[in-house]
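Have a look at the structure below, then the notes.
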Amino acid sequence: MKKKVHQIIQKLHYISNRVLLLFICMILFMVFQMIYQLGLLLSGRGAVFLLLILIAGTILFAGVFWTKIFLPYQQSERMLKRFLDGYSMSDYGELGLPILTPNTADEIQKFDELFRSPQMFDLNKRQAQYLALQNQINPHFLYNTLESIRGEALIAGLDSVADMTEALATFFRYTISKVENLVSVEEELENCKTYFRIQQYRFGSRLQLHFDYREEEWEEIKRCRIPKLTLQPILENSIIHGTELKIGTGNLRIQFERTEERLIIRISDDGVGMDENTLWELNKRLRKDNTAASYQQPGEKGGIALVNVNNRIHLIFGDEYGMHVFSIQGEGTDVEIVLPGVTSDREIKNRGVLQ
């Protein structure tokens, strides 16, 4: 199919080039005629109205030819190139291409009908189902392997290894197998506790995790829905860039606050903090409209986890929500996350967010 699209693009490119050449020749001819009429007028043998007609005709011809003939071919070529790059076909009827050759127009129309057909939707659905089943194979193998390691560790009396392996398997089940975009705060906190349990085998009593919330608000808070993997990447970032680098005990704190319409989460550490320039650059990256590119750009250092989480919040809830970082060098860092306080499927549906 792509070979056929390439052939159509080549046709359109050939035709548009010839049309452009014809346009240039016609414009040059009409300009020559205007110069000729101007010469006659200056010699007293020409007529003003003929020169005016030529000028008006040239302008009208150029406008109509450019907008109604040349540009449609260019638009068609760009549309098909976008299709080859992976974009879906645009509505042919909305392109305004009335003067394409009948053969080319028919071919584009056939492609449009094909991509809108129930057969194509069914094929895409079956492909998605196949990929979903295929992607379950690797996690299944991973879980079985971890369970085997845990069993061997128990037999050998290595209880700490068995416990750590079990925690790792639980963590991966949440991060890999749970496919929902939104989870409850309670589920996300359980994943954070599992992650912290793994980290404590490395840091021991050097690392402490605390939770702060109002008791009377907790029942409502824990039912709030947030993007999956919102808290754990930030918690990990706080450990790697904050508490791990300090001498002595490192304290991590997750604080929840519920307002009438919003859920505010603050993840704090008493680590090494960051200087003003680094903080300014990080918050600048968080303010960018870069939801299509949450990967690390060349020349940028750190903050990739924060940018990733922030961009996913923007994609799901909109740009009015997201995060901001506060930090004092030598004292620690606070990451504040502002989310809508949605708890029910109806609220989520009303907002039109991805579930």
Side-chain angles (χ1 to χ4, degrees), residues 135-180 182-213 215 218 221-223 226-256 265-274 302-306 308-309 312 327 330-335 337:
N135 289 335
Q136 288 177 358
I137 295 173
N138 289 337
H140 186 67
F141 170 76
L142 173 65
Y143 304 147
N144 286 343
T145 303
L146 290 172
E147 186 59 33
S148 298
I149 295 172
R150 178 175 177 273
E152 291 294 322
L154 287 172
I155 293 172
L158 302 173
D159 293 342
S160 60
V161 175
D163 184 60
M164 190 174 182
T165 305
E166 182 183 24
L168 188 60
T170 302
F171 177 79
F172 280 133
R173 281 194 180 93
Y174 180 83
T175 57
I176 298 174
S177 299
K178 194 173 183 62
V179 297
E180 294 89 347
L182 296 178
V183 297
S184 68
V185 167
E186 187 174 29
E187 290 175 299
E188 187 73 3
L189 270 186
E190 285 301 316
N191 185 57
C192 286
K193 292 175 182 177
T194 301
Y195 170 76
F196 187 74
R197 179 175 150 201
I198 296 170
Q199 289 296 329
Q200 279 194 308
Y201 280 99
R202 177 185 174 192
F203 294 99
S205 59
R206 273 193 59 209
L207 202 61
Q208 301 293 326
L209 179 62
H210 312 274
F211 302 98
D212 287 341
Y213 50 81
E215 289 290 344
W218 180 240
I221 288 173
K222 72 180 184 180
R223 293 190 300 109
I226 65 177
K228 189 183 81 168
L229 294 177
T230 294
L231 305 183
Q232 182 272 325
I234 302 174
L235 192 64
E236 181 177 5
N237 196 77
S238 296
I239 294 174
I240 294 173
H241 300 289
T243 55
E244 182 180 353
L245 302 176
K246 69 173 290 187
I247 299 174
T249 302
N251 291 283
L252 302 166
R253 190 174 303 276
I254 304 179
Q255 180 181 355
F256 298 91
I265 306 173
R266 294 182 186 89
I267 300 178
S268 308
D269 67 71
D270 56 359
V272 297
M274 63 186 80
I304 184 172
L306 303 185
N308 180 287
V309 173
R312 287 191 287 113
S327 185
E331 295 189 17
T333 301
D334 292 353
V335 179
I337 310 168

**Request:** Evaluate the side-chain proximity of R202 to M164: yes if any heavy-atom separation is below 4.5 Å, no if none is.
**Result:** no

**Item:** Expected output: side-chain T194 to main-chain F171 donor-acceptor under 3.5 Å
**Value:** no

**Message:** Which heavy atom of V272 sits nearest to which heavy atom of H241, and what is that distance?
**Reply:** CG2-O, 3.5 Å

**Asked** Between the side chain of E188 and the main-chain N/O of L231, is any donor-acceptor distance below 3.5 Å?
**Response** yes

**Fill in**
Value for CZ (F196) from CG (L207), rounded to nearest 0.5 Å, stands at 4.0 Å

**Message:** Nearest 0.5 angstrom please: R206 CZ to K246 NZ, how far?
**Reply:** 9.0 Å

**Request:** Give a yes or no on whether the backbone of D270 and the side-chain of N251 come within a donor-acceptor separation of less than 3.5 Å.
**Result:** no

**Request:** Please round to the nearest 0.5 Å and tell me the distance separating atom OG1 of T165 and atom CD of E147.
**Result:** 9.0 Å

**Message:** Out of the candidates I337, I265, V185, L235, only one should pair with T230 under the side chain to side chain contact (heavy atoms under 4.5 Å, CB included) rule; please name it.
**Reply:** I337

**Request:** Looking only at non-hydrogen atoms, find the nearest pair between D269 and G242 and report the distance.
**Result:** OD1-CA, 4.1 Å

**Message:** Is it the case that the side chain of R253 and the backbone of D334 share a donor-acceptor pair, with hydrogens and angles ignored and the cut-off at 3.5 Å?
**Reply:** no

**Request:** Report the distance from atom CD1 of I226 to atom CG of L182, rounding to the nearest 0.5 Å.
**Result:** 9.0 Å

**Message:** So, taking the atom named CD1 in I234 and the one named SG in C192, what distance separates them when rounded to the nearest 0.5 Å?
**Reply:** 9.0 Å

**S327 side chain vs G332 backbone, donor-acceptor pair below 3.5 Å** = yes

**Message:** Under a 3.5 Å distance rule, please check whether R312 uses its side chain to pair with a backbone N or O of L229 as donor and acceptor.
**Reply:** yes

**Item:** Distance (rounded to the nearest 0.5 Å) between L158 CG and D163 CG
**Value:** 12.0 Å

